[in-house]
Amino acid sequence: MEFVELKKHLKTQKPYACYVCYGDDDFLIERAVSLLCALASEPKPFNCTDREFDGGRALTDELMQLPIMGDYRVVVARGKTDAAAVSGYLASPNPSAVLVLPMYIPHDSWGRSSAPNFPNGATPVDCNRLGLQYVAPFVRVFTDKTGATVSDHAIRLLYSRCGGYMTRINSESQKLAMLRAGGEITADDINTNVKADTEFVVFELCDSILAGNAARALAVVDGMAKNNDLVAAFTLIYNRFRKLFAAAVDPDGLAGLGVKPSQVGKLKAESSRLSRARIKNILDMLESADHGYKTGATTVYDALVGFVAQAAYRAR
């Protein structure tokens, strides 16, 4: 189920035996864990356990204990768990226990090639970044408290500059609401006070490369060198072009790269404007640059500048 469905589910249905709260947004994962822990009644220290477990036996022993003065015990198992032990337990679970498995999955990591594996009998809760339609009301909760106003355009910009991550949106929304208490939060306020997330900057960079705007692309790289993680940038750039290539040669394989159905059409449309050879050439240049800095032949900055210059100039 989606994160936004979890609260209603817990209010209207009997909880399931196990929930895997997975995704790339720590804020949403912890919010989901908090909603599930609310199932436990007092005394909380006994009825809600949140820790790492040394092995499958320790975890299953914890799950088989009965709640005190309540209907459910909630067991949050952090870190790596024994998948076989969890699957075995879920074949015949304790009806008074709710197992919660937080599973943070870095967005667009080099090694992410397929959807995560969940234990048999577990209910996945998608805690990847929310769509803008769910974030806008969240932002306005803070602005309403200080009498500030914020337009849909400004919220879209805030969302983009924060990369859609609720942890940053949460803190930046509170800051902006206090800054413009009783007034209007404008796009200029966001541009001035909210540093662009690496992913947002990488999106600008990739668009500049594809447009053949080498001057703009190199200017973006210089800005990234001051404010962003260049190693993370390589990963994000690679995955943008890898998805474009997949959209061009095998659109049905996009799901295996973690692409949501709502994004497939956009990738197909974008890839249709490019030749397969061009996208493959960009990927080859990027892999060469990545190998250069990882082997110490060049710095990360020089490797990125070299890649961007080649890719953008050849696109002209």
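Just so it is clear, the structure is predicted and the values come from calculations on it, not from any experiment.
Stacking of Arg276 on the aromatic ring of Phe245 is not recorded, the 6.0 Å distance cut-off and the 45° axial limit not both being met. Annotation: cation-pi pair Arg140/Phe142 absent, no NZ/CZ under 6.0 Å from the ring centroid and within 45° of its normal.
A salt bridge does not link Lys8 with Glu2: every distance from a Lys NZ or Arg NE/NH1/NH2 to an Asp or Glu carboxylate oxygen is 4.0 Å or more. Taking a cutoff of 4.0 Å between a charged side-chain nitrogen and a carboxylate oxygen, Arg216 and Glu204 qualify as a salt bridge. The residues Asp207 and Arg240 are annotated as salt-bridged, a charged nitrogen and a carboxylate oxygen being separated by less than 4.0 angstrom. Remark: Glu270 does not engage Lys243 in a salt bridge, criterion side-chain N to carboxylate O under 4.0 Å.
When only modelled atom types and interatomic distance are considered, Arg242 and Asn239 share a side-chain donor-acceptor pair under 3.5 Å. Thr49 and Arg73 share a side-chain donor-acceptor pair at under 3.5 Å.
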Sequence neighbours excluded and cut-off under 3.5 Å, please list the side-chain donor-acceptor pairs for residues 295-304, or say none.
from   : atom 1 : to     : atom 2 : distance (Å)
Thr295 : OG1    : His291 : O      : 2.8
Thr295 : OG1    : Gly292 : O      : 3.2
Thr299 : OG1    : Asp302 : N      : 3.0
Thr299 : OG1    : Asp302 : OD2    : 3.2
Tyr301 : OH     : Asp222 : OD1    : 2.5

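Within the 4.5 Å cutoff, the side chain of Cys18 has no heavy atoms near those of the Val98 side chain.
Between Phe118 and Tyr22, the ring centre distance stays below 6.0 Å.
Other residues, nucleotides and ligands place no more than 12 heavy atoms under 6.0 Å from the CE atom of Met178.
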